[in-house]
Amino acid sequence: MPTDGPVRVRFAPSPTGYLHIGGARTALFNWLVARGSGGRFVLRIEDTDRKRNVADSLAKILDDLRWLGLNWDEGPEVGGEFGPYMQSERLETYNRHCEQLLKAGEAYYTFETPAELQARREQARKEKRVAIYQRPDPLPTAEDAVRARAEGRPVVVRFKMPDEDITVSDMILGEVTLKREELEDFVIRKSDGWPTYHFACVVDDELMKITHVLRGQEHVMNTPKHIALQRALGFAMPQYAHMPIIMNMDGSKMSKRDKERALAQGEPPPEIDVHDFRAAGYLPEAVVNFIALLGWSPGGDREQMTTEELTDLFSVERINKTAAKFDRDKLLAFNTDWLSRVSAARRLAALRDFCEVTGSPLGQAHDDTLLTLMQASQGIRTFAQLDGKSRFIFVPDEQIRFDEKAVKKVLRKNDGEGLRVLADLLPRLEGLPDWTAEAIEGLLRGVCEETGLGLGKVAQPIRVAVSGGTISPTIFDTLVLLGRERTLTRIRRALEQLS
RNA sequence: GGCCCCAUCGUCUAGUCGGUCCAGGACACCGGCUUUUCAAGCCGGCAACAGGGGUUCGAAUCCCCUUGGGGUCACCA
């Protein structure tokens, strides 16, 4: 990456909810730039809109970033020499720079009400004019502002946009020019005294010595404003890289609102936030790997990579220009592969996290049990799937409900063939010397040979008796996990209730 | 609607200065194998350079137009 000093990049979320998957991709790319260049990854919290801030959301964002493995060198909880990293703690800094612009005549006070501005915009639209803010002439003075404030009008500070076209040199898009007439005198200080995003962002990027700004393409139209501000304040200009947007499969923007919409229609909500994927039982390795490929690729046929490999391979130059659709099927496939590839210890730790986040009953089990369970459940695609197919093992016997279709198909068919098998099996299981997977397998296979039945004819009745349905981990291990007593209890219960 | 950006299989993409691409990989899909359930796995198959003009001996790769998609037009970030 071409730069003089040390690379410094930042991720700057606002604490308005969970970490969005698109935000995670932005964070990841910035993190990769820092880690791949020996630079610094700064985390800054943009909480200048007091109305939109959501309690707890900062903690959640930090937690999910950590879950993804994206650690920050400077920011909340770790500090750093350019702090504070919460914009809400930097008001004086913004005011100082704002005063500087005011004094230099590069910014001015205005006091239109929102309704007035709205009316003007609509009027301009109706007349098919560009609906940008018209600079008042003459400009209001500081005294006018004092008077307006006394009258209860909202007083804001606007930046005087220079009278020229502005060209952005973007590492991904190349040169993008915006014409003067498209650029308006935007607000830099709101009537509540807080800076707008544009202003706080530019001031902080300078003061925090940010060298590269990687952000979503939705920001390209903002960049000329930022450049103009940098020039007026005598700031250095960072290198810009605007990354492609991440969209839904239907081409719409992936937004938190998608969840509400699905819920309202009675559909299962799609995973949108990092936390959703976490709670759905995905491995962070898979999520990181997958989102790294949204708008970037290492070239050739390489797809599945560890975060370390990603760090080595990543380069801003290879980021695409085209928007990417978020294909959950492919993520699922990645997760399946990662789940089978990762070490048992790693899998266990990740499963523990899943249980903690979801409150799954599997969380009550000991490590050995969980290890055996996963051994017996190879081929699972997510922890949620593991939970779904095995939680019957961890609930009280009385809670087992028999699925009607399963009972019909497996137990009652052929004049109760399955029930007969079960009744026959009961004493044999009771008398089995060792309650191990090998012993149980030996017994069941023996029965098969004796009776000429396939293993399916023997295993399925047990599965239904013990789980209530037709799905479970490998039957031998399942019975071991359940233990002899509970296995027998459940079989007796099935026999009593269903015969 | 104005402005900005983009355009290879359904999806993510490879294709680095035009030739070795009648376009490669992965996911999905279809078929088969395997199998104690659900999965997983293995093998095979289907499938794209948006359209039209140029430039060139030669274009997915360069230029223009059309079409399509996306972004943005706040005292939100």
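Here the structure is a predicted model, which is why all the values come from computation and not from measurement.
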Any ion pair linking [Y] and [X] (charged N to carboxylate O, less than 4.0 Å)?
{"X": "A:Lys405", "Y": "A:Asp403", "value": "no"}
{"X": "A:Glu181", "Y": "A:Lys179", "value": "no"}
{"X": "A:Glu46", "Y": "A:Arg90", "value": "no"}
{"X": "A:Asp337", "Y": "A:Arg341", "value": "no"}
{"X": "A:Lys259", "Y": "A:Asp273", "value": "yes"}
{"X": "A:Arg445", "Y": "A:Glu441", "value": "yes"}

Indicate, with a heavy-atom threshold strictly under 4.0 Å, whether [X] touches base, sugar-phosphate, or nothing.
{"X": "A:Arg158", "result": "sugar-phosphate"}
{"X": "A:Lys253", "result": "sugar-phosphate"}
{"X": "A:Pro473", "result": "base"}
{"X": "A:Gly295", "result": "sugar-phosphate"}
{"X": "A:Glu181", "result": "nothing"}
{"X": "A:Glu116", "result": "nothing"}
{"X": "A:His242", "result": "nothing"}
{"X": "A:Val156", "result": "base"}

Looking at [N], I'd like to know if its phosphate oxygens (OP1 or OP2) sit under 4.0 Å from a side-chain N or O belonging to [X].
{"X": "A:Asn222", "N": "B:rA77", "answer": "no"}
{"X": "A:Arg121", "N": "B:rC73", "answer": "no"}
{"X": "A:Arg318", "N": "B:rA14", "answer": "yes"}
{"X": "A:Thr48", "N": "B:rC76", "answer": "no"}
{"X": "A:Lys389", "N": "B:rC38", "answer": "no"}
{"X": "A:Ser297", "N": "B:rA14", "answer": "yes"}

For the side chain of [X], starting at C-beta, report the closest nucleotide among [options].
{"X": "A:Asp301", "options": "B:rU36, B:rG25, B:rU72", "result": "B:rG25"}
{"X": "A:Thr196", "options": "B:rC76, B:rG70, B:rC5", "result": "B:rC76"}
{"X": "A:Leu178", "options": "B:rG70, B:rC27, B:rC3", "result": "B:rC3"}
{"X": "A:Leu294", "options": "B:rA39, B:rG70, B:rC12", "result": "B:rC12"}
{"X": "A:Ile475", "options": "B:rC5, B:rU36, B:rU11", "result": "B:rU36"}
{"X": "A:Lys325", "options": "B:rU37, B:rA14, B:rU11", "result": "B:rU11"}
{"X": "A:Phe476", "options": "B:rC38, B:rA77, B:rU36", "result": "B:rU36"}
{"X": "A:Pro154", "options": "B:rC75, B:rC6, B:rA39", "result": "B:rC75"}
{"X": "A:Val176", "options": "B:rC75, B:rC12, B:rC4", "result": "B:rC4"}
{"X": "A:Lys330", "options": "B:rA77, B:rC12, B:rC38", "result": "B:rC12"}

For [N], which nucleotide is its Watson-Crick or G-U wobble mate, given both distances must be under 3.5 Å?
{"N": "B:rA23", "result": "none"}
{"N": "B:rG18", "result": "none"}
{"N": "B:rC33", "result": "B:rG41"}
{"N": "B:rA7", "result": "B:rU67"}
{"N": "B:rG1", "result": "B:rC73"}

Give me the distance, rounded to whole Å, that separates [N] from [M] when you measure between the [atom1] atoms they each carry.
{"N": "B:rG31", "M": "B:rC46", "atom1": "P", "answer": "15 Å"}
{"N": "B:rC29", "M": "B:rU36", "atom1": "P", "answer": "24 Å"}
{"N": "B:rC6", "M": "B:rC64", "atom1": "P", "answer": "12 Å"}
{"N": "B:rU55", "M": "B:rG19", "atom1": "C1'", "answer": "16 Å"}
{"N": "B:rG24", "M": "B:rU67", "atom1": "P", "answer": "32 Å"}
{"N": "B:rA74", "M": "B:rG18", "atom1": "P", "answer": "43 Å"}
{"N": "B:rG69", "M": "B:rG44", "atom1": "C1'", "answer": "35 Å"}
{"N": "B:rG54", "M": "B:rC12", "atom1": "C1'", "answer": "33 Å"}

A:His226-A:Tyr197 aromatic ring centre distance below 6.0 Å = yes
task = Hey, which sits more toward the 5' end of RNA chain B by its nearest nucleotide, A:Thr177 or A:Gly456?
result = A:Thr177
Separation of atom [atom1] in [X] from atom [atom2] in [N], rounded to whole Å:
{"X": "A:Glu218", "N": "B:rG69", "atom1": "CD", "atom2": "P", "value": "20 Å"}
{"X": "A:Leu443", "N": "B:rU36", "atom1": "CG", "atom2": "C1'", "value": "14 Å"}
{"X": "A:Gln378", "N": "B:rU36", "atom1": "CD", "atom2": "C1'", "value": "15 Å"}
{"X": "A:Met374", "N": "B:rA39", "atom1": "CE", "atom2": "C1'", "value": "16 Å"}
{"X": "A:Met243", "N": "B:rG71", "atom1": "CE", "atom2": "P", "value": "16 Å"}
{"X": "A:Phe290", "N": "B:rA28", "atom1": "CZ", "atom2": "P", "value": "11 Å"}

Side-chain donor/acceptor of A:Thr322 to base of B:rC6, under 3.5 Å = no
query = Within the modelled atom types, does a donor on one side and an acceptor on the other bring the side chain of A:Gln217 and the base of B:rG71 under 3.5 Å apart?
reply = no
Please list each protein N or O that sits under 3.5 Å from an N or O in nucleotides 41-51 of chain B, with the distance.
none

key: Chi angles and distances behind the ring pair (Phe, Tyr, Trp, His ring centres under 6.0 Å) call for A:Phe277, A:Phe326   = CA-CA 13 Å; A:Phe277 293 98; A:Phe326 194 92; 5.6 Å; yes
remark   = So salt bridge (charged side-chain N to carboxylate O under 4.0 Å, His left out) across residues 107-119 of chain A, not counting sequence neighbours, yields A:Glu112-A:Arg120, A:Glu116-A:Arg153
Minimum heavy-atom distance A:Ser315-A:Trp296, with the two atoms named = O-NE1, 3.5 Å
query = Quick one: is the NZ or CZ of A:Arg25 closer than 6.0 Å to the six-membered ring centre of A:Phe29, and within 45° of its axis?
reply = yes
inquiry  = Using a 3.5 Å distance criterion without hydrogens, assess whether the side chain of A:Ser297 forms a donor-acceptor pair with backbone atoms of A:Leu293.
reply    = no
